[in-house]
Amino acid sequence: MWGQYEKSGVNVEEDATFAKRFSEYCEKEYEAGRWSKSTYTDWKYSNRLVEEFFGKTKIKDIKEDMIRSFARNYIKTHKGKVSKHSTIERRLQHLRQYLDSLKEQGIIKVNPVPKSALKKFFRYDEFTITAEKYIFSDEEVENIKREITKELFDLPTSFWVSRIGLLLILDTGMRPQEVQIVKWSQLINDGEFKVFEINDSWSEKNHAPNHHLKGRAKGFARKTLPLSAKTLDILNVFRKKQSEFLKANSQINKNDYILLNLRDSRLTSSGMPIGQASMNLIIKKVAKKVKVNNEGKQISCYNCRHTVANKWANTSGIALSFLAFRLGHSVQQLLKTYVHEDADRSQNMMNLMKEDNNKKIINLKRA
């Protein structure tokens, strides 16, 4: 076959069925160990959509107009949103990545999925604005911490876990999946401060550790932002309470997790951490209790991470390279993803403008 290709100058792979080859690519990448189970599951969804839409279409017949039709058909039939990080953008990324591999092999000359495909396939008025994460003000953070701390000492130990997780995120800005399986042994000294040195995260989908941090190689570790003195004091109290609880219930913390699930003895025995859902539930309740004015925006434990990143990125004197590394990002990702308008900073800017205008009025009157 390859000899025929060289003699004729015709690429026989172009006549292969696009959907079939896409499916084979998915299986090959997963079996080779280049994809995690969650990545494979995500691609399999794209594979199903490709099979449904493209059917027996050959690779040589896949053109940009057909990809556009695929994208617009998905939005129409699935009532999807056209926005960054949307489901359709993810499918187009998968198609572009696969077709790039065909281009590298010389099977196709031009990738029919353009860069910034959404902008090319949809009108501006068809886009949905991505909802911004609500950023807690400094006062709201203090109120939330105070309320959580007050609740702790009225609750049994098994109810402490989710609240401890929230306090840790509000200090360090760790991702929820990172804080879920942070260990006691990872609490270390960093000069005069206490920080965590983490190297793993939890997969809610697979109910198992990922064995690496997001976007990092296995074995890579990073230090977090420091814990506040108040949170550290509470954490020390919880450590003793957790130990006493496990001893009283003839259980052990075999994985050394701080957020070990204590509500379900079966999950405790298997060494499972709490789920993100419980932290999301608590932060919503506490935010409502302390009258956070979230302007109708959704509240979850991720708001705590966004708040920490936004606060320090807008603080004079903080090196963004230091902050980005401690949060597990590049500087570009930090600025793009986590830096939002800060309510406290905005008010300060408005006050400065007011002061400047008042000075001008006084000077005019003197003149």
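Note that the structure is predicted; figures quoted are calculated from it, not measured. Quick note: residue numbers are just sequence positions, from 1.
- More than 12 heavy atoms of other shown residues, nucleotides or ligands fall within 6.0 angstrom of atom CZ in Phe153.
- Note on Lys214 versus Asp200: no salt bridge recorded, every NZ/NE/NH1/NH2 to OD/OE distance being 4.0 Å or above.
- Distance check, rounded to the nearest 0.5 Å: OH of Tyr134 to CG of Asn303 gives 9.5 Å.
- Cation-pi geometry between Arg263 and Phe159 is met: under 6.0 angstrom from the ring centre, within 45 degrees of the axis.
- Using a cut-off of 4.0 Å between Lys/Arg side-chain N and Asp/Glu carboxylate O, Lys205 and Asp42 are scored as not salt-bridged.
- Side-chain contact between Thr149 and Lys230 is absent, with no heavy-atom pair separated by less than 4.5 Å.
- Among residues two or more places apart in sequence or in another chain, the salt bridge (Lys or Arg N to Asp or Glu O under 4.0 Å) test is passed with Arg21 by Glu13, Glu24.
- Using a cutoff of 4.0 Å between basic side-chain nitrogens and carboxylate oxygens, Arg68 and Asp65 are scored as salt-bridged.
- Under the 4.5 Å side-chain contact rule for hydrophobic residues, Phe193 and Phe322 do not share a cluster.
- A donor-acceptor pair under 3.5 Å links the side-chain atoms of Arg305 to the main chain of Leu327, judged by distance alone.
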### Task
Any chance you could lay out the side chain to side chain contact (heavy atoms under 4.5 Å, CB included) test for Ile252 and Leu246, step after step, and finish with the verdict?
CA-CA 6 Å; Ile252 60 170; Leu246 293 172; over 6 Å; no

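- Judged by distance alone, the side chains of Arg146 and Asn143 do bring a donor and an acceptor atom under 3.5 Å apart.
- To the nearest 0.5 Å, atoms CZ (Arg91) and CG (Asn47) are separated by 11.0 Å.
- What you find for Phe122 and Ile75 is that their closest heavy atoms are CZ-CG1, 3.7 Å.
- Under 3.5 Å, the side chains of Gln251 and Ser269 contain a donor-acceptor pair of N or O atoms.
- Contact record, Met174 with Val179: CE-CG2, 3.7 Å, taken as the closest heavy-atom pair.
- Distance check: Ser300 OG to Ile282 CD1 gives 13.5 Å after rounding to the nearest 0.5 Å.
- For Glu151, the salt bridge (Lys or Arg N to Asp or Glu O under 4.0 Å) criterion is met by Arg163, Lys289, not counting sequence neighbours.
- The shortest heavy-atom contact between Lys81 and Ile88 is O-CG2, 3.8 Å.
- Ring to ring, Tyr25 and Trp43 are close: their centroids are under 6.0 angstrom apart.
- Ring orientation note: the planes of His78 and Tyr74 are close to parallel, at an angle under 30° on the 30°/60° scale.
- For the pair Phe121 and Pro114, the minimum side-chain heavy-atom distance is below 4.5 Å.
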### Task
Any chance you could lay out the side chain to side chain contact (heavy atoms under 4.5 Å, CB included) test for Val50 and Leu95, step after step, and finish with the verdict?
CA-CA 9 Å; Val50 165; Leu95 288 176; 3.7 Å; yes

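- Inter-residue side-chain proximity for Ile59 and Ile108 is flagged as met; some heavy-atom pair is nearer than 4.5 Å.
- Of all heavy-atom pairs between Ser278 and Ser162, the closest is OG-OG, 2.9 Å.
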### Task
Take Lys120 and Glu64 through the test side chain to side chain contact (heavy atoms under 4.5 Å, CB included) and record every step on the way to the result.
CA-CA 10 Å; Lys120 195 164 186 181; Glu64 186 175 307; 3.1 Å; yes

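- By the rule that hydrophobic residues join a cluster once side-chain heavy atoms approach within less than 4.5 Å of another member, Trp160 and Leu235 end up as members of one cluster.
- Side-chain contact between Phe70 and Glu52 is absent, with no heavy atoms from C-beta onward closer than 4.5 Å.
- With respect to the salt-bridge test (charged N to carboxylate O, under 4.0 angstrom), the residues Lys145 and Asp171 qualify.
- Taking all atoms of both residues into account, the shortest heavy-atom contact from Asn111 to Lys103 is N-CD, 4.3 Å.
- With hydrogens and angles ignored, the 3.5 Å screen pairs no side-chain donor or acceptor of Glu147 with any backbone N or O of Val290.
- For the pair Phe53 and Leu49, the minimum side-chain heavy-atom distance is 4.5 Å or more.
- Counted by atom type alone, Glu204 and Gln177 present zero donor-acceptor pairs between their side chains at under 3.5 Å.
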### Query
Passes side-chain hydrogen bond (donor to acceptor under 3.5 Å, both in side chains), Thr224 versus Thr172? Steps please.
CA-CA 6 Å; Thr224 67; Thr172 68; 5.0 Å; no

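- The environment of Lys20 atom NZ is sparse: at most 12 non-hydrogen atoms of other residues, nucleotides or ligands sit within 6.0 angstrom.
- For the pair Arg175/Tyr302, a side-chain contact is recorded, criterion being any heavy-atom separation below 4.5 Å from C-beta on.
- Glu27 pairs by the salt bridge (Lys or Arg N to Asp or Glu O under 4.0 Å) definition with Lys44, not counting sequence neighbours.
- The minimum heavy-atom distance between Tyr257 and Gly271, with the atom names listed, is CE1-O, 3.2 Å.
- The line from CZ of Arg239 to CG of Asn253 is 10.0 Å long, rounded to the nearest 0.5 Å.
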### Query
Would Gln186 and Asp256 count as a side chain to side chain contact (heavy atoms under 4.5 Å, CB included) if you check the C-alpha gap in whole Å, the side-chain angles of each, and the deciding distance to 0.1 Å?
CA-CA 9 Å; Gln186 292 174 323; Asp256 194 37; over 6 Å; no

